[in-house]
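Comments concern the structure below.
Quick note on labels: first sequence line is chain A, next is B, and so on, each numbered from 1.
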Amino acid sequence: MTGSAVCQTSRPIPDAGCAIEARSLHVYYGIFRALKDVDLQIERQKITAIIGPSGCGKSTMLRSFNRMNELVPSCRTEGKVMFRNRNIYDSGVDPVEVRRRIGMVFQRPNPFPKSIYENIAWGARINGYRGHLDELVEESLRLAALWEDVRDKLQQSALALSGGQQQRLCIARAIAIRPEIILMDEPASALDPIATLKIEELMRELAERYTFVVVTHNMQQAARVSHQTAFFMMDADRAGYLVEQGPTRDLFTNPRDRRTEDYITGRFG
Amino acid sequence: MNRHRIQRLGFVLVGCASLLVTAPILLVVASIVVRGASAIDWEFLSTMPSQGMKAGGILPAIVGTLWLLGGTALICIPVGVGGAIYLAEYARDTWFTRAIRLAIVNLAGIPSIVYGLFGLGLFVLFLRLGTSILAASLTLAIMTIPVITSTSEEAIRAVPVEFRTVSASLGGTRWQGIRRIVLPQALPGIITGIILGLLRAAGETAPILFTGAAFFLPRLPRTLLDPTMALPYHLYVITTQVPGMPQQVQYGTALILLLLVLSLNVIATVIRSYFRRRRQW
Ligand SMILES: Nc1ncnc2c1ncn2[C@@H]1O[C@H](COP(=O)(O)OP(=O)(O)OP(=O)(O)O)[C@@H](O)[C@H]1O
Ligand SMILES: [Mg+2]
């Protein structure tokens, strides 16, 4: 887990605005190409939204940023993902270390069937965290705006929390390993509108410290929460590709590409 | 007939069926307790047999069975659970792993005397372990491993894939996810499998018949290479091979065997419900 790791050895100065970047990325499931030739830059300490019709490869794109696609045996990746001046797909790079740097929050809230405390402490424990666990747990919960809700029941089951609270717990759990980037795959789609707004508010606050990439089906959400937006579509052979990317305001008010305009005005998809 | 009548009739039939199932068990247990309880006292549990086993206690058989159980557990738990982890978490679906699974399913159905003969051939003769606790434990372990492996594999597979994914996303290695999330979740099922397997091993005569069981030994076993007396085999001996055996002693021995198996069962239930409560948390 050490040594060959991406970031632990030397700490090169990363180029200014870009936290992670896909270069000529192709992703295949078996012989099916799910993503083709994607060049996508994610800006540091900003929220980047990935939007596009169902099946166009948004989740695949997201998972290729922390090599989670490798858990699918048939999946194969070509091209580069540059993180801290290094291609995370280089043979010397340990995917476990990549995921420690680039955290993830899933669509369905999925706390471990353990106490609230243990959920947060889990990542730190397995990564050999030497600091003060109680403090880490409190800080992470505060950052996820959950501390006031749960401070008196840290030892109770995480499964007893509401869906929105569980999702914030999952965010706190991801934060607790101190990642640089947090990937979120439709993090609010299983939640009610109020819980959704809370999550969005939380993301905006956390964006001062972390870089977010968020997949969403909800156009208003992308417009509300993100600084940058990337729009994906599918080819005739169902391979996903990046249509355009830019500041969210520009992309929504003044799209450069006809297909983007059609999509955001609801003319298809 | 209206549907309420039909329902009532159904209840009666189901009730009768469950009575039919439990009645023989209760009768067997009751008759053993009634006829055997009076034989059991401290002396019966703590002394050697005497007067051609017609008097005295059954200490060496009890001790021997515990040795055999311990030896079997030591061998079959790591191998059985390890195999289950491999099959559930690491093995790809190839003809090889499919063959292993098929073998496990079929091994569980092989008559125990066949295991006994196999153990005689492999452990006693070929590996020259002699008739010994070691050879008998190995034989019992081989019989028990398929039970443990298949129940444990099932328990491990029942843990949602999601937890492994989340563990990986938090920078956990595959093994950390298995060790700290999956196995604790699967533990009640694994323990059940282990105890079920050991229960079977505790009561079997055939596998130890040629591999480690002794008709009569005047002393307790000292090493793993000694043969030993064992409860099920002793019971067989005193009910069929010794003329004029007092019935009380036979039933007393059966009762002890029954109590041993029953207490294992109780332990399994307690452990399981303990973990289940902890899992809800
Ligand atoms: N594990 C997998 N095995 C095979 N094909 C897959 C796998 N996961 C995704 N795909 C395929 O890859 C393509 C892109 O899937 P992906 O889940 O990335 O799309 P998406 O944009 O996230 O869709 P949605 O909006 O419905 O979540 C789809 O055609 C899908 O069928
Ligand atoms: Mg998706």
- Message: If I measure from the heavy atoms of chain A, does B/Arg180 come under 4.5 Å with its side chain, its backbone, both, or neither?
- Response: both

- What residue in A/Met68, A/Met104, A/Arg63 has the most heavy-atom pairs under 4.5 Å with chain B? A/Met68

- Query: For atom CZ of B/Arg157, is the number of surrounding heavy atoms from other residues, nucleotides or ligands below 6.0 Å larger than 12?
  - Reply: yes

- Main-chain N/O of A/Arg67 paired with A/Arg99 side-chain donor or acceptor, under 3.5 Å: yes

- Taking only Lys NZ, Arg NE, NH1 and NH2, and the carboxylate oxygens of Asp or Glu, determine whether A/Glu180 and A/Arg84 approach each other closer than 4.0 Å. yes

- Item | Partner of A/Ile50 by side chain to side chain contact (heavy atoms under 4.5 Å, CB included), out of A/Thr216, A/Val214, A/Val213 | A/Val213

- Query: Is it the backbone or the side chain of A/Arg173 that comes under 4.5 Å from a heavy atom of chain B, or both, or neither?
  - Reply: both

- Which region of A/Pro95, side chain (C-beta onward) or backbone (N, CA, C, O), has a non-hydrogen atom less than 4.5 Å from a non-hydrogen atom of chain B, or is it both or neither? neither

- Query: Have A/Gln107 and A/Asp185 got a donor and an acceptor in their side chains that come within less than 3.5 Å?
  - Reply: no

- A/Phe112 versus chain B, heavy atoms under 4.5 Å apart: side chain, backbone, both or neither? both

